[in-house]
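Here is how names work: the chains are called A, B, and so on, in the same order as the sequence lines, proteins then strands, and each is numbered from 1.
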There are 2 protein chains.
Amino acid sequence: MVPARRGDLFDPACPTRRLLDRVGTKWVAMIVKVLAEAGSPELGFAELERRIPGISHKMLSQTLRSLAADGLVDRRVEPSTPPRVHYRLTDLGRSLDEPLAALRDWAERHMGDIDDFAQRAPSG
Amino acid sequence: MVPARRGDLFDPACPTRRLLDRVGTKWVAMIVKVLAEAGSPELGFAELERRIPGISHKMLSQTLRSLAADGLVDRRVEPSTPPRVHYRLTDLGRSLDEPLAALRDWAERHMGDIDDFAQRAPSG
DNA sequence: CCAGCTGGTAACCAATAGTTACCTGATCAC
DNA sequence: GTGATCAGGTAACTATTGGTTACCAGCTGG
């Protein structure tokens, strides 16, 4: 196997590329935002679901587990009945919120421009 | 606070959400990077293809057209035979490189942490 | 007159996103 | 007791993407 050259985004084998793809999705962006901006340090599954309208049960579960597997969120099972699961950002996850916030911010700020442009030239 | 206000992002109908998803993909990130960091203001299709190893013919074409439709790149057809097509970032596209660079940078910087974490807890 | 160039695209296959329905298993209403 | 109900997860599917391959236009050069 070709050794993965971490720093080289231009190497197709570079894991950083895959990471970039995992981390740029809208659900990651939204989950991280919600967790980062929640009043409390952690949120329950149901609360996350409530705060992210439109996300499906499965995608939330799946995305959270992927984030947990990458060490971006911490998963805590409360031994109640039925058990409740709580998630919180790790330091690493919090650090991801910075570039993600910049991206969300860009999207919010320039949505209008893009919309206008698409209006004018709907050629696709 | 409860941000139903500028929480446009939290409305599933909000186009900013879709934009976020379009713009966070690895190919967009790489194309914008390549165009932003090219020596010349524009690059030909073939040159882009060469500079982004691993991208397929189709994905490059498709992504470029989507970027052009959003007004992020400019598409110029050189009337030669066969015609060559050149792409350059618009101002809007260049502005996107900033948050994208931050994200790429984060990915490069923290890839190691995530890798280490996954080693230790491969439960994911 | 056929091979070859460029960029695009149609046809197809593989991998995701998203939907629906169901599981667990303790508790409460009856 | 019976069973509806909670929370979170997941299996089974379908819809939508990503990605591969092969081909096209239409002029040029051998």
Side-chain angles (χ1 to χ4, degrees), chain A residues 10-15 17-31 34-35 40 42-70 73-88 123-124, chain B residues 11-15 17-31 34-35 42-70 73-88 123-124:
Chain A
F10 289 92
D11 179 354
C14 170
R17 250 202 202 181
R18 295 222 148 282
L19 176 60
L20 199 56
D21 221 29
R22 278 212 294 285
V23 129
T25 72
K26 74 179 166 225
W27 296 134
V28 170
M30 299 204 67
I31 291 174
V34 165
L35 284 173
S40 48
E42 64 178 26
L43 289 177
F45 185 92
E47 207 159 330
L48 278 165
E49 200 168 19
R50 237 184 15 255
R51 293 191 189 202
I52 307 177
I55 195 170
S56 72
H57 210 64
K58 178 184 125 180
M59 280 316 289
L60 182 55
S61 174
Q62 192 171 294
T63 309
L64 282 169
R65 288 176 100 74
S66 144
L67 289 175
D70 283 339
V73 305
D74 231 32
R75 187 170 178 277
R76 183 177 70 82
V77 180
E78 183 186 325
S80 58
T81 295
R84 277 149 210 235
V85 187
H86 302 261
Y87 295 90
R88 78 160 72 195
S123 46
Chain B
D11 178 357
C14 171
R17 251 201 199 181
R18 298 222 149 280
L19 176 59
L20 199 55
D21 219 30
R22 278 212 292 287
V23 129
T25 73
K26 74 179 166 225
W27 296 135
V28 169
M30 299 204 65
I31 290 174
V34 165
L35 284 173
E42 63 178 25
L43 289 178
F45 185 94
E47 207 159 330
L48 278 165
E49 200 168 20
R50 236 182 18 253
R51 293 192 190 202
I52 306 176
I55 195 170
S56 71
H57 209 63
K58 178 183 125 180
M59 280 316 290
L60 181 55
S61 175
Q62 192 171 292
T63 309
L64 281 169
R65 287 175 101 74
S66 144
L67 289 174
D70 283 341
V73 305
D74 232 32
R75 188 172 177 274
R76 182 177 70 81
V77 179
E78 183 187 324
S80 59
T81 295
R84 277 149 210 233
V85 187
H86 302 261
Y87 296 89
R88 78 160 70 196
S123 48

Exercise for the section: Starting at atom CG of B:L48, determine the distance to atom C1' of C:dG8, rounded to an integer number of angstrom. Expected result: 15 Å

Problem - A:K26 versus B:D21, closest heavy-atom pair with distance - result: N-OD1, 3.0 Å

Practice task
Provide, to the nearest angstrom, the distance between the CD1 atom belonging to B:I52 and the C1' atom belonging to C:dG7.
Solution key: 15 Å

Problem - Separation of atom CG in B:L64 from atom P in D:dG18, rounded to whole Å - result: 14 Å

Exercise for the section: Please lay out, stage by stage, how A:H86 and A:E78 fare under the test side chain to side chain contact (heavy atoms under 4.5 Å, CB included). Expected result: CA-CA 7 Å; A:H86 302 261; A:E78 183 186 325; 2.7 Å; yes

Problem - For atom CD of B:E78 and atom C1' of D:dG26, their distance in whole Å - result: 16 Å

Practice task
Return no unless some side-chain N or O of A:R50 is found under 4.0 Å from OP1 or OP2 of D:dA7.
Solution key: no

Handout entry: Shortest non-hydrogen contact between A:V85 and A:R75, atoms and distance
Key = CG1-CG, 3.7 Å

Exercise for the section: Round to the nearest Å and state the distance from B:F45 atom CZ to C:dG7 atom C1'. Expected result: 6 Å

Exercise for the section: Give a yes/no on whether any side-chain N or O of B:S61 is located under 4.0 angstrom from OP1 or OP2 of C:dG7. Expected result: no

Practice task
Measure from NE2 on A:H86 to P on D:dG8 and round the result to the nearest Å.
Solution key: 7 Å

Exercise for the section: Might you point out which heavy atoms bring B:V23 and B:V28 nearest each other, and give the distance in Å? Expected result: O-CG1, 3.5 Å

Exercise for the section: List the atom of A:V73, the atom of A:L64, and the distance in Å for their closest heavy-atom pair. Expected result: CG2-O, 3.8 Å

Exercise for the section: Select base, sugar-phosphate, or nothing to describe what B:R75 touches, counting heavy atoms under 4.0 Å on all strands. Expected result: sugar-phosphate

Fill in the blank from the handout: Closest heavy-atom pair, A:D70 versus A:R22, reported as atoms and distance to 0.1 Å, is OD2-NE, 2.8 Å

Problem - Separation of C:dT6 C1' from B:Y87 OH (nearest whole Å) - result: 11 Å

Problem - Short side-chain N/O contact to D:dG26 OP1/OP2 from B:T81, under 4.0 Å - result: no

Completion exercise
Overall bend of the helix from C:dC1-D:dG30 to C:dC30-D:dG1 (five pairs an end, 10° steps) is 30°

Practice task
Check whether any side-chain heavy atom of B:R51 lies under 4.5 Å from a side-chain heavy atom of B:L43, and answer yes or no.
Solution key: yes

Practice task
Determine the interplanar angle of the A:Y87 and A:F45 rings, folded into 0 to 90°, and report it as parallel if under 30°, tilted if 30 to 60°, perpendicular if over 60°.
Solution key: tilted

Exercise for the section: Please determine if a side-chain N or O atom of B:R65 lies less than 4.0 Å away from the OP1 or OP2 oxygen of C:dG7. Expected result: no

Practice task
Would you mind reading off the distance between A:L60 atom CG and D:dG9 atom C1', rounded to a whole angstrom?
Solution key: 11 Å

Please enumerate all protein N or O atoms sitting under 3.5 Å from an N or O of nucleotides 11-21 of chain C, with distances to 0.1 Å.
from	atom 1	to	atom 2	distance (Å)
C:dG18	OP1	A:K26	NZ	3.4
C:dG18	OP2	A:W27	NE1	2.5
C:dG18	N7	A:K58	NZ	2.6
C:dG18	O6	A:K58	NZ	2.2

Handout entry: Heavy-atom pair with the smallest gap, counting every atom of A:M59 and A:T63
Key = O-OG1, 2.5 Å

